[in-house]
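Below you'll find the structure, written out as structure tokens, and then a few comments.
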Amino acid sequence: MRIATWNVNSIRQRLDHAVRWLGEAAPDVVCLQEIKCQDEAFPREAFEALGYNVAVHGQKGFNGVALLSKLPLEDVTTGLPGDDGDVQSRFIEAVVSAKGTAVRICCLYLPNGNPPDTEKYPYKLGFMARLRALAAARLELEEPFILAGDFNVIPTEADAAVPEAWVNDALFLPPTRTAFRDLVNLGLTDAIRATSDSNRIYSFWDYQAGAWQRDLGIRIDHLLLSPQAADRLIAAGVDKHVRSWEKPSDHVPVWADFSIAA
DNA sequence: ATGACTCAGGAACTGAGA
């Protein structure tokens, strides 16, 4: 079973890329972020025609997340618990069952948090605290469980081509990195770091200033695995070439393969 | 030093992104 995450930066602008990438990568489950449309505007039929079930948690103009799955999506819930006042569409969760193995998948779009001296940064840290609480509760189930999405967190210096450029940024500030470590230290495994020692693995390159051409990327899209999911991890990777397509998203797909029969 | 692009919304620009 292949599970992937991709911030598409508008699903309507990226539909051709999404269809092309699904055809070559053949993921079983896809977590999409920044779909930037309401539920009714999501191009559901295009994905259903490719054999995917679709669950959408959209929002007008901004944010928005969705799940695509070749297996039925069960127990779909939307919204990250812990703050009834949070109206931004950044979280959708579901369970897929593959020949007796149930896999719980959370698709998340963690707040950017910039500028850090505004209310946006405490919102980000609050979201991370709520995410940690949810992960702690899910881990008690002792089942395959995956947090996948755009975390908007550069975990370490190794995850940025130019870490100095990010020292005052909400993606890399010490409280952000501490909160990410607190999450991982619950017992989660970073799929990319568990399968590769390579440097210069990135998932985002800014549109501006030739960041892509100079390979000035950052790694902010992650798959975090429960022990039961990590035990079944076979491989993980980043589909970097997608960033070279015409009019791309600024993020590329990140995926992990599991020894779970789909 | 700053901005550089790319989106949505809505019809010229602003806000958001990271």
Side-chain angles (χ1 to χ4, degrees), chain A residues 5-18 20-21 31-43 56-66 86-91 107-128 131 148-177 179-180 192 200-222 238 240 242-254:
Chain A
T5 178
W6 189 13
N7 179 322
V8 290
N9 186 17
S10 170
I11 192 60
R12 288 177 290 178
Q13 290 295 323
R14 224 64 63 201
L15 183 56
D16 289 349
H17 282 203
R20 179 178 173 185
W21 172 74
C31 301
L32 298 173
Q33 301 90 37
E34 278 208 272
I35 62 171
K36 290 188 172 178
C37 66
Q38 292 175 296
D39 292 7
E40 53 271 27
F42 189 89
V56 182
H57 182 41
Q59 177 182 339
K60 188 174 184 178
F62 306 105
N63 308 318
V65 289
D86 184 0
V87 297
Q88 300 188 31
S89 297
R90 297 179 174 275
F91 184 89
C107 167
L108 62 110
Y109 176 43
L110 210 147
N112 175 302
N114 283 306
D117 60 350
T118 67
E119 74 289 346
K120 294 185 177 195
Y121 193 54
Y123 173 59
K124 175 176 192 154
L125 294 179
F127 192 99
M128 295 184 81
L131 186 62
D150 177 359
F151 283 69
N152 271 315
V153 174
I154 303 168
T156 72
E157 290 191 354
D159 299 303
V162 188
E164 315 85 77
W166 299 94
V167 292
N168 294 316
D169 193 284
L171 279 63
F172 195 56
L173 282 171
T176 305
R177 296 161 65 186
F180 187 80
I192 290 290
R200 306 187 74 82
I201 301 175
Y202 309 126
S203 65
F204 168 92
W205 295 260
D206 200 285
Y207 287 123
Q208 303 184 67
W212 165 247
Q213 289 76 7
R214 296 191 285 159
D215 197 24
L216 302 184
I218 51 178
R219 193 176 72 94
I220 57 175
D221 301 271
H222 308 297
V238 173
K240 182 176 181 178
V242 173
R243 187 64 174 77
S244 70
W245 292 352
E246 187 177 357
K247 295 192 71 67
S249 171
D250 38 10
H251 298 249
V252 296
V254 183

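Residue numbers begin at 1 in each chain, while the letters A, B, ... track the order of the sequences. The figures here come from the full heavy-atom set of this structure, side chains too, leaving out hydrogens, waters and symmetry mates.
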Exercise. How is A/Phe151 classified with respect to the nucleic acid when contacts are heavy atoms under 4.0 Å: base, sugar-phosphate, or nothing?
Worked result: nothing

Problem set entry | Integer angstrom distance from the C1' of B/dT2 to that of B/dA11 | 29 Å

Exercise. Base, sugar-phosphate alone, or nothing: which one does A/Arg90 contact when heavy atoms must sit under 4.0 Å apart?
Worked result: sugar-phosphate

Exercise. Is any side-chain N or O of A/Ser10 closer than 4.0 Å to OP1 or OP2 of B/dA8?
Worked result: yes

Exercise. Would you call A/Arg243 and A/Asp215 a salt bridge, taking side-chain N to carboxylate O under 4.0 Å as the test?
Worked result: no

Exercise. Taking the six-membered ring for Trp, are A/Trp6 and A/Trp21 ring centroids under 6.0 Å apart?
Worked result: yes

Exercise. Do A/Tyr121 and A/Thr176 have side-chain atoms, one donor and one acceptor, less than 3.5 Å apart?
Worked result: yes

Exercise. Does one side chain, of A/Gln88 or A/Asn63, offer a donor that lies under 3.5 Å from an acceptor on the other?
Worked result: yes

Problem set entry | Distance-only side-chain donor-acceptor flag, A/Lys124 / A/Asn112, under 3.5 Å | no

Exercise. Quick one: A/Gln88 CD to B/dA8 P, roughly how many Å, whole number?
Worked result: 17 Å

Exercise. Is there a donor-acceptor contact under 3.5 Å from the side chain of A/His251 to the main chain of A/Ile220?
Worked result: no

For this session: Could you tell me whether A/Asp250 contacts a base, only the sugar-phosphate backbone, or nothing, with contacts defined as non-hydrogen atoms closer than 4.0 Å?
Result: nothing

Exercise. What's the OH-C1' distance between A/Tyr121 and B/dA18, to the nearest Å?
Worked result: 14 Å

For this session: Please state how far atom CG in A/Asn152 lies from atom P in B/dA18, giving the value in whole angstrom units.
Result: 4 Å

Exercise. Checking A/Tyr207 side chain against A/Asp250 main chain: does a donor-acceptor pair fall under 3.5 Å?
Worked result: yes

Seminar exercise, completed: Out of B/dA16, B/dT6, B/dA18, minimum distance to the side chain of A/Tyr207 belongs to B/dT6

Exercise. Using a cut-off of 4.0 Å on non-hydrogen atoms, how would the nucleic acid contact of A/Asp150 be classed: base, sugar-phosphate, or nothing?
Worked result: sugar-phosphate

Problem set entry | Touch class at under 4.0 angstrom, heavy-atom based, for A/Lys124 against every strand present | nothing

For this session: Tell me what A/Asn7 touches on the nucleic acid: a base, only sugar-phosphate, or nothing, going by heavy atoms under 4.0 Å.
Result: sugar-phosphate

Exercise. Does a side-chain N or O from A/Asn112 land closer than 4.0 Å to OP1 or OP2 of B/dA18, or not?
Worked result: yes

Each nucleotide N or O in nucleotides 9-11 of chain B that has a protein N or O under 3.5 Å away: list the pair and distance.
residue, atom, partner, partner atom, Å
B/dG9, OP1, A/Gly61, N, 3.4

Exercise. Looking at the side chain of A/Phe62, which of B/dC7, B/dA16, B/dA18 is the nearest nucleotide?
Worked result: B/dA16

